[in-house]
Amino acid sequence: MLSPALSPALSAAALPQHTPLVAATRDGMVESIHYGSAIALDADGTTVAAAGDPLAPFYPRSSLKPLQAVAMVRAGLELPTELLALAAASHSGSAKHRQGALRILELHGLSVSDFENSRDLPYGPGEREEWLRNGGRSTQLTQNCSGKHAAMAATCAINGWPVKGYLDPSHPLQRLVATTVTELTGEEPLALSTDGCGTPLYALTLPGMARAFGAIARAAADSSGRNDDDGPAQLGAEAAVGLAMQQHPDMVAGEGRDVTELMRLLPGAVAKDGFEGVQLVGLADGRSAAVKISDGGDRARMPATVKLLEALGVDTAPLAGIGTAPVLGGGHHVGLLQATDFLTHTFPSAPVNEAL
């Protein structure tokens, strides 16, 4: 029987010291507050702005996918750009997403029987409704990580590694992923768990993940003038993944998704969200932003992220449509979901754990 007492890990003193990042108002009164932590880094890795407890370990969830894709490209995975973007995706489950995952498998002599991810309905609301209306059920193909899992199985086939068991942390593929994550983030994972789809999941910090996204976006920018026929071997893995995501933002998420919209509105950006309120953005010059919403609230990710981008000097006017959201009453606009003034002050050289 579980003890009703809090374990030491859950004592108040041990919890991350998050701060209010986003609030919802209704007729002028604050109705809800989303706490969290955030950090914006300059291209050289110095802190431009920070809030909350950005050094607190957190699970990046699906925002880790571009780093996993970099590891797979380093291991020899070569895919058309739209399929490489799908390998880094949390897709909505549309027909093109499902067909893309199947194509990755077919190109490497594999089938859906080689999937080891969990089953789920399509992630996108519209895609889910259509799937159910047509008699669909939860499958591994419709699960939002199927592009990544198809690519993982394909990477194993390319290298002669066992496809069965590719999710085991001791598998050669996952060992390579772990090494790549350490290299790109500049830090050793602080804990190991399992993501919802079954892949190994590493606890990292917001600055570490921000560094990784800045490196991927800058590599893509540095290679953007190369021949369109250049593959990963010529571009480099980070550039190949970043360019694929930029060129096919609809494959990274889907129509109507804010991550897809952000990359369309902000040329040169590489963006990826993650369950439990995680958002990462890398910019073409290597600057980056990272957000973790403490309650896992998905609606708060983007308002906080747009506020961070503003602190980095980005013109966020084109992002107004995803940086706030209306609060409705009786079908009418009666309030607003928006970022707080958590970045009133910025500190170009402040320690990353300095609360604002």
Side-chain angles (χ1 to χ4, degrees), residues 15-19 21 36-72 74 88 90 169 174-195 199-220 237-238 241-242 245 259 269-283 285-294 296 301 304-305 308-309 311-312 347-356:
L15 294 175
Q17 301 302 297
H18 295 299
T19 195
L21 297 184
S37 294
I39 194 163
L41 299 182
D42 210 341
D44 63 2
T46 58
T47 303
V48 174
D53 193 0
L55 286 182
F58 80 109
Y59 289 118
R61 304 299 298 272
S62 283
S63 70
L64 200 62
K65 286 174 179 173
L67 285 66
Q68 294 165 322
V70 168
M72 290 186 274
R74 289 181 176 180
S90 297
Q174 301 304 338
R175 292 203 305 268
L176 176 61
V177 169
T179 298
T180 303
V181 167
T182 296
E183 177 189 329
L184 292 176
T185 62
E187 57 189 40
E188 291 287 340
L190 299 164
L192 174 65
S193 186
T194 305
D195 210 339
T199 52
L201 178 63
Y202 308 100
L204 299 158
T205 69
L206 289 173
M209 284 297 294
R211 280 191 292 269
F213 270 72
I216 292 171
R218 180 160 49 189
E238 293 93 325
V241 171
M245 294 174 69
V259 170
V270 172
K272 187 71 188 72
D273 54 342
F275 279 173
E276 298 298 322
V278 177
Q279 183 65 57
L280 272 295
V281 180
L283 302 177
D285 61 1
R287 291 174 296 162
S288 55
V291 169
K292 165 62 182 173
I293 304 300
S294 65
R301 281 184 300 105
T305 300
L308 275 182
L309 292 173
L312 285 171
F347 298 86
S349 59
V352 292
N353 62 345
E354 181 169 341
L356 303 185

Kindly give the heavy-atom pair with the smallest separation between [X] and [Y], and that separation in Å.
X      : Y      : answer
Pro16  : Asp53  : CA-OD2, 3.6 Å
Leu201 : Pro60  : CD1-CD, 4.2 Å
Val259 : Ala271 : CG1-O, 3.4 Å
Leu176 : Ala71  : CD2-O, 3.3 Å
Ala43  : Arg287 : N-CG, 3.6 Å
Ala311 : Val48  : O-CG1, 3.6 Å

Between [Y] and [X], is there a side-chain heavy-atom distance shorter than 4.5 Å?
X      : Y      : result
Asp273 : Val278 : no
Lys292 : Pro54  : no
Val270 : Val241 : no
His18  : Ile293 : no
Val177 : Pro200 : no

For Gly52, does its backbone N or O pair with a side-chain atom of Ser37 as donor and acceptor, under 3.5 Å?
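Not confirmed, Ser37 side chain does not pair with Gly52 backbone.
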Say whether, by atom type as modelled, one donor and one acceptor occur between the side chain of Gln279 and the main chain of Gly277 under 3.5 angstrom.
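Looks like no, no N/O pair under 3.5 Å.
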Salt bridge (charged side-chain N to carboxylate O under 4.0 Å, His left out) partners of residues 54-66, not counting sequence neighbours, each pair once
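Passing the test, one end in residues 54-66: Arg61-Asp195.
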Keeping to residues at least two apart or across chains, list the salt bridge (charged side-chain N to carboxylate O under 4.0 Å, His left out) pairs with something in residues 37-52.
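Residue pairs passing salt bridge (charged side-chain N to carboxylate O under 4.0 Å, His left out), neighbours aside: none found.
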Could you list the donor-acceptor pairs under 3.5 angstrom formed between side-chain atoms of residues 203-216 and any protein atom two or more places apart in sequence or on another chain?
unit_1: Thr205; atom_1: OG1; unit_2: Glu187; atom_2: OE1; d: 2.9
unit_1: Thr205; atom_1: OG1; unit_2: Glu187; atom_2: OE2; d: 3.1
unit_1: Thr205; atom_1: OG1; unit_2: Gly208; atom_2: N; d: 3.2
unit_1: Arg211; atom_1: NE; unit_2: Thr185; atom_2: O; d: 2.9
unit_1: Arg211; atom_1: NH2; unit_2: Thr185; atom_2: O; d: 3.0
unit_1: Arg211; atom_1: NH2; unit_2: Glu187; atom_2: OE1; d: 3.4

How long is the gap from CG on Leu67 to OG1 on Thr180, to the nearest 0.5 Å?
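Answer for the CG-OG1 pair, Leu67 versus Thr180, is 8.0 Å.
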To the nearest 0.5 Å, tell me how far Ser288 OG sits from Leu308 CG.
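One finds 9.5 Å between OG of Ser288 and CG of Leu308.
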side-chain hydrogen bond (donor to acceptor under 3.5 Å, both in side chains) involving Ser63 - partner list, sequence neighbours excluded:
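Scan of Ser63 (side-chain hydrogen bond (donor to acceptor under 3.5 Å, both in side chains), adjacent residues dropped) gives none.
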Please identify each residue that fulfils salt bridge (charged side-chain N to carboxylate O under 4.0 Å, His left out) with Arg218, with sequence neighbours left out.
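Here no residue qualifies.
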Using the salt bridge (charged side-chain N to carboxylate O under 4.0 Å, His left out) criterion, which residues pair with Glu183? Sequence neighbours excluded.
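With neighbours one apart ignored, the set is Arg74.
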